[in-house]
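Side-chain atoms are counted along with the backbone in the values below, which use heavy atoms only and exclude waters and symmetry mates. Remember, it's 1-based here, ligands and their atoms both numbered in the order they're listed.
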Amino acid sequence: MRCSFASLALLCRPMVLMMGAALAGVAGGPGLAWADSATLRATRDTTIYAENDRLSNGSGSWIFSGRTGNNFTRRSLVRFDLSSIPAGAFITDVALTVQLNRSAVAGLETYSVHRLAADWGEGASNASGQEGGGAFAKQNDATWSYRLYNEANPTASPAWTTPGADFAAAPSSSAEIDSILSPYTFTGTGLITDVQAMIAAPSTNFGWILIGNEGSAGTAKRFVSRETSDSNAAQRPTLVVTYSLTTPGGACCLPDGSCVTLSSGACALAGGTFQGVGVPCAPGLCPLPTGACCLPDGSCNTLTPAACAAAGGTFQGAGTDCPGQNCPLVLTPFVDELPIPAVMQPTSGIPGGAAHYDITITEFTQKLHRDLPSTRVWGYNGSFPARTIEARRGFPVTVNWINNLRALETGQLRATHVLPVSTCLHGPDQTGQVPVTVTHLHGGHVADDSDGDPDLAFPPGQSSPTYFYPNDQQAATIWYHDHALGLTRLNVYMGLAGFYLIRDDHEEALNLPRGEFDVPLAIQDRSFNANGSLKYPGVWEEHTFGDFILVNGKVWPFMAVKQGKYRFRLLNASNSRAYTLGLSNVASFQQIASEQGLLDAPVPMTSLTITPGERADVVIDFAAYAPGTEIILTNSALSPFPAGGAGPDVPSVMKFIVQGQAGDTDSLPGSLREVPRLLETDASVTRTFELRKFFDPVCGHDKWLINGLMWDDITEFPRVGETEIWSWVNRSGVTHPMHMHLVSFQVLDRQNFIVQESQIVPQGPRTAVSGGELGWKDTVQATPNQITRVIVRFEGPAGTYPYHCHVLEHEDHEMMRQFTLLCDAPTITTQPLDTYVREGGSATLRVEVAGSLPTVQWLRKGAALVDGVQADGTVVANAATAEVTLSGVRPTFAGTFAASISGACGAALSAEVQVSVGSPCDYDFNQDENVDLLDAQQMAQVFVGIITAEPGWLDGDLNGDENADLSDAQALAQYVVLGTCP
Ligand code: C2O
Ligand code: CU
């Protein structure tokens with residue numbers, strides 16, 4: 001369990017209360033002895049309503065924040081007039097108090113106040129009743145979209161830059177608000193800084209916005225506004241400002257080494273060191289600052305600005321530290337040869353067959369570039385990237401994953417990570433700094449107990465249960481990597497990833513480039529410190545983009561290629577970076593496979609985008625190039641993809657150098673493997689997932705989530721055998737590679753949309769995907785501001801499986817949830833009936849069944865086969881109705897027939913019927929055990945149409961000439977009289 005939005009009230013209370021206490025301690029800070037104070041009542045307050053940009057409540061008696069039960073967000077705005085505080089005042093304490101008046105749901109919610117960044121107004125709008133619904137805005141009211149509503153011409157109203165108001169991203173203060181109707185107070189240094197700035201520049205005093213928990217429904221709370229009756233005046237929003245007018249000054253050494261005379265409090269606020277009351281500024285009093293200096297070779301040294309300049313370096317600022325400095329490191333591209341990961345050797349069995357592996361995760365150093373000192377990395381069985389597991393369809397593999405991470409320096413099991421861990425994220429909030437690991441086979445059709453459940457990551461010194469990989473899927477380039485909850489980005493960054501190649505007979509029969517011409521390329525970006533260590537930027541990252549691109553563990557390698565075709569298995573194993581790959585000579589290449597196997601035919605292209613987690617197998621043909629030709633594998637994708645802006649954008653990946661040797665010059669097959677399209681009409685369920693950021697009040701950051709829900713909120717329960725459409729609605733400007741465990745899916749189409757009053761409104765046509773996106777996939781690019789639809793047939797074992805964004809920073813934010821695949825045991829809905837059939841006739845045995853992927857097999861009991869029964873043993877799969885027809889029935893058919901019914905899960909069932917076979921001369925229509933005149937009379941009735949002929953013995957067609965007529969009656973009469981069968 002953890003501090004999710006839903007569980008916040010119960011679990012996070014102690015932590016948040018402690019934070020509150022810490023802030024209050026700071027707030028009481030400097031200058032108290034000289035305090036003066038002012039108690040101010042709000043001079044403006046209102047509420048803005050997210051569902052409608054024309055709602056406000058300027059003159060209402062209450063203001064609202066949080067989210068209503070039906071998911072409407074409200075925020076309240078409040079401003080105080082600070083003109084009574086003298087301009088030179090030194091603020092020592094600020095307390096902003098609001099009176100809770102109504103709280104729909106019991107429990108604590110974290111509220112935060114942020115400083116507003118633009119002017120707004122309070123007009124005459126005045127909601128009726130409980131005021132929760134707001135009122136139409138009047139002149140100069142603030143609304144969700146507008147700062148100062150213009151009644152005559154609403155769309156001309158001055159608007160907020162960002163709907164929902166413009167305010168500082170960092171909260172000035174936070175407080176826990178309970179459901180007890182009492183005053184609640186916000187304090188702390190953030191508010192002190194705000195007020196100090198507001199009195200220094202009164203035109204920037206726009207007040208504050210009060211934001212509640214917008215991550216879940218039903219959190220809204222109501223507070224007393226300034227318009228409440230005078231008898232309640234004490235409950236109006238109140239700001240108590242404590243300040244000092246005297247400045248007990250003294251020398252203050254500022255971080256840049258300069259000296260100014262300030263009060264001790266002002267000195268602290270300026271980040272300086274107070275030298276004592278009355279101490280004058282004098283030369284040499286303040287120490288010369290030092291700071292990080294980036295030297296020309298990319299290394300960093302702590303120097304004074306002057307010494308740094310003398311060394312030709314760039315000073316990074318006073319007080320900066322070398323660790324964490326982004327000193328540009330310069331590495332020469334294309335000087336290291338591309339490594340090809342070796343084949344992983346099993347503990348028993350053979351690579352490419354049934355085998356068992358014990359795979360140990362360890363820490364070691366490895367050279368990642370000629371000019372870079374060795375880098376501390378983590379790997380599986382001692383290499384980064386890991387060795388390739390070779391597997392073959394139909395031959396299962398088992399693995400024990402062992403976490404033996406030990407610090408290189410001490411040999412002790414690691415208790416802390418190498419990279420900065422956020423203990424606010426789900427996972428490390430429980431496991432702390434410990435580098436727990438768990439391995440997932442990405443793209444493998446694997447039961448949940450072998451899937452690498454992120455919740456079950458285990459610490460150094462422990463190992464996994466034996467994981468079972470059935471390999472009952474078609475040939476594909478899949479991969480394995482770490483999946484620890486809240487640590488995946490760091491564990492993969494340290495090196496925990498490798499290829500897993502499934503091969504099969506079908507693919508091998510195709511004569512695709514093989515052996516030395518079949519080359520996996522794992523593409524990853526990384527940043528380094530000058531000492532060679534991996535550099536990961538910080539504790540909380542929205543995404544990370546490295547300075548260098550590594551292929552198979554080397555920075556910008558080169559590869560010597562022969563004159564012919566190569567199959568490159570491209571894997572984007574980067575944390576966040578997308579690549580749009582092309583060749584520097586703009587030659588075309590052919591994509592032959594997507595994540596889950598071969599396409600139906602090669603697709604020619606000159607560029608290909610792969611986002612994190614995606615794979616694409618391409619064939620590049622070097623036959624036409626002269627020896628010595630150099631071709632660079634280029635990258636034109638911006639970061640984040642597609643709009644860029646947070647790069648570095650790195651334009652090259654690796655280089656091919658053509659050698660004068662013949663390679664594989666066979667032509668590619670025109671068709672590869674049939675990819676039957678899943679039909680939209682087969683889908684029984686459509687699910688919609690909104691991909692967007694939410695503010696997380698616990699961690700104090702924006703967080704990427706799916707539908708605003710968390711890992712433990714399971715709301716998708718598909719059933720085995722059913723087909724569903726999953727619709728990824730990307731409400732952001734970046735592509736999210738959405739990955740589902742267990743299944744292969746197909747991408748249907750993409751469509752634009754707009755958001756109108758919180759509703760997703762599709763715009764324009766759905767555009768079907770093409771080319772490589774028509775193959776079987778497990779990761780899809782959910783493109784910005786579009787709806788991307790995939791169609792999935794759920795097969796395979798019931799269980800609970802993750803689905804998530806494969807930008808690893810997003811995944812760790814909790815843009816990762818789980819679905820539970822259900823499976824229904826087989827049942828019989830209609831029992832088969834005992835059947836009588838006359839010799840030579842035919843009979844249908846029929847059973848109706850339900851359940852997940854039911855299979856029905858009809859067999860004759862006690863005998864393997866019934867001679868002449870063509871349909872005996874027929875298997876009818878996926879059928880709710882399963883029939884077998886016996887035709888040309890003979891006496892030996894008589895006996896017991898059994899339908900055995902099995903399904904994807906649950907115990908098998910069977911149902912039995914008796915088939916009895918009558919003589920061809922069975923004219924005993926009235927079943928009185930003898931054939932006589934009464935039967936002939938009944939027969940006669942058939943001909944006059946009184947009895948409707950039934951199939952089987954009462955069809956009246958005694959001579960088998962396909963109609964019942966007079967000659968049949970004659971035949972019967974003849975039998976009754978002569979005792980002979982016609
Ligand atoms: Cu490659 Cu759930 O991940
Ligand atoms: Cu994402």
Side-chain angles (χ1 to χ4, degrees), residues 385-386 427 437-446 448 450-457 467 469 476-489 491-493 496-500 522-524 541-545 571-578 595-596 610-615 639-643 646 689-694 702-708 711 728-745 777-786 788 799-819:
T437 65
V438 69
T439 310
H440 168 57
L441 179 59
H442 179 134
H445 301 183
V446 168
D448 65 353
S450 294
D451 192 48
D453 181 346
D455 268 323
L456 301 181
Y467 280 5
Y469 301 139
T477 303
I478 66 175
W479 62 302
Y480 58 103
H481 62 76
D482 189 77
H483 218 304
L485 199 64
L487 279 186
T488 299
R489 70 193 183 293
N491 292 353
V492 172
Y493 198 84
L496 296 180
F499 283 100
Y500 187 112
I523 307 177
Q524 297 178 300
E541 296 298 323
E542 163 147 5
H543 35 229
T544 55
F545 304 107
L571 159 65
N572 184 342
S574 305
N575 281 32
S576 294
R577 186 182 286 278
E595 287 102 46
Q596 289 282 308
I610 48 172
T611 57
E614 283 190 293
R615 285 90 67 211
S639 300
F641 189 74
F689 301 90
E690 287 193 19
L691 310 175
R692 55 187 296 201
K693 265 192 283 195
F694 291 83
D702 276 349
K703 206 171 183 187
W704 289 101
L705 297 175
I706 301 172
N707 279 353
W711 169 250
W728 304 106
V729 179
N730 185 346
R731 293 185 63 175
S732 75
V734 299
T735 294
H736 298 280
M738 298 309 299
H739 169 49
M740 298 173 72
H741 285 211
L742 182 72
V743 296
S744 314
F745 55 71
K777 289 179 65 68
D778 58 42
T779 307
V780 63
Q781 297 173 21
T783 43
N785 302 308
Q786 288 198 306
T788 301
T800 296
Y801 301 90
Y803 62 93
H804 57 90
C805 176
H806 220 287
V807 167
L808 302 182
E809 281 69 24
H810 296 185
E811 173 177 341
D812 281 350
H813 271 195
E814 222 157 326
M815 201 175 215
M816 174 165 80
R817 299 185 51 213
Q818 305 174 84
F819 66 84

Quiz item: Any idea how His804 and His739 line up, ring-wise: parallel (<30°), tilted (30 to 60°), or perpendicular (>60°)?
Solution: perpendicular
Exercise. First locate atom CD of Gln786, then atom OG1 of Thr735, and finally report the distance between them rounded to the nearest 0.5 Å.
Key: 9.0 Å
Quiz item: Hey, which N, O or S atom on His810 ends up closest to the Cu ion (ligand 2)?
Solution: ND1
Practice problem: Check His741 and report its N/O/S atom nearest to atom 2 (Cu) of ligand 1, by atom name. | Solution: NE2
Self-check item: Gap between atom CZ of Arg615 and atom CD1 of Ile478 - 0.5 Å precision
Solution: 7.0 Å
Exercise. Check whether any N, O or S atom of His804 sits under 2.8 Å from atom 2 (Cu) of ligand 1.
Key: yes
Quiz item: Is atom 1 (Cu) of ligand 1 less than 2.8 Å from at least one N/O/S atom of His739?
Solution: no
Quiz item: In His481, the N, O or S atom nearest to atom 1 (Cu) of ligand 1 is which?
Solution: NE2
Quiz item: Can you give me the SG-the Cu ion (ligand 2)-ND1 angle for Cys805 and His736, to 10°?
Solution: 130°
Quiz item: Does Arg692 make a cation-pi contact with Phe694 (under 6.0 Å, within 45 degrees of the axis)?
Solution: yes
Quiz item: Within His806, is some N, O or S atom less than 2.8 Å away from the Cu ion (ligand 2)?
Solution: no
Exercise. Just say parallel, tilted or perpendicular for the rings of His741 and His483, cut-offs at 30° and 60°.
Key: perpendicular
Exercise. Calculate, to the nearest 0.5 Å, the distance between atoms OH and CG belonging to Tyr469 and Asp451 respectively.
Key: 8.0 Å
Practice problem: Report yes or no: does His483 have an N/O/S atom closer than 2.8 Å to atom 2 (Cu) of ligand 1? | Solution: yes
Quiz item: Any N/O/S of His442 under 2.8 Å from atom 2 (Cu) of ligand 1?
Solution: no
Exercise. Could you grab the distance from atom OH of Tyr493 to atom CG of Leu808, nearest 0.5 Å is fine?
Key: 11.5 Å
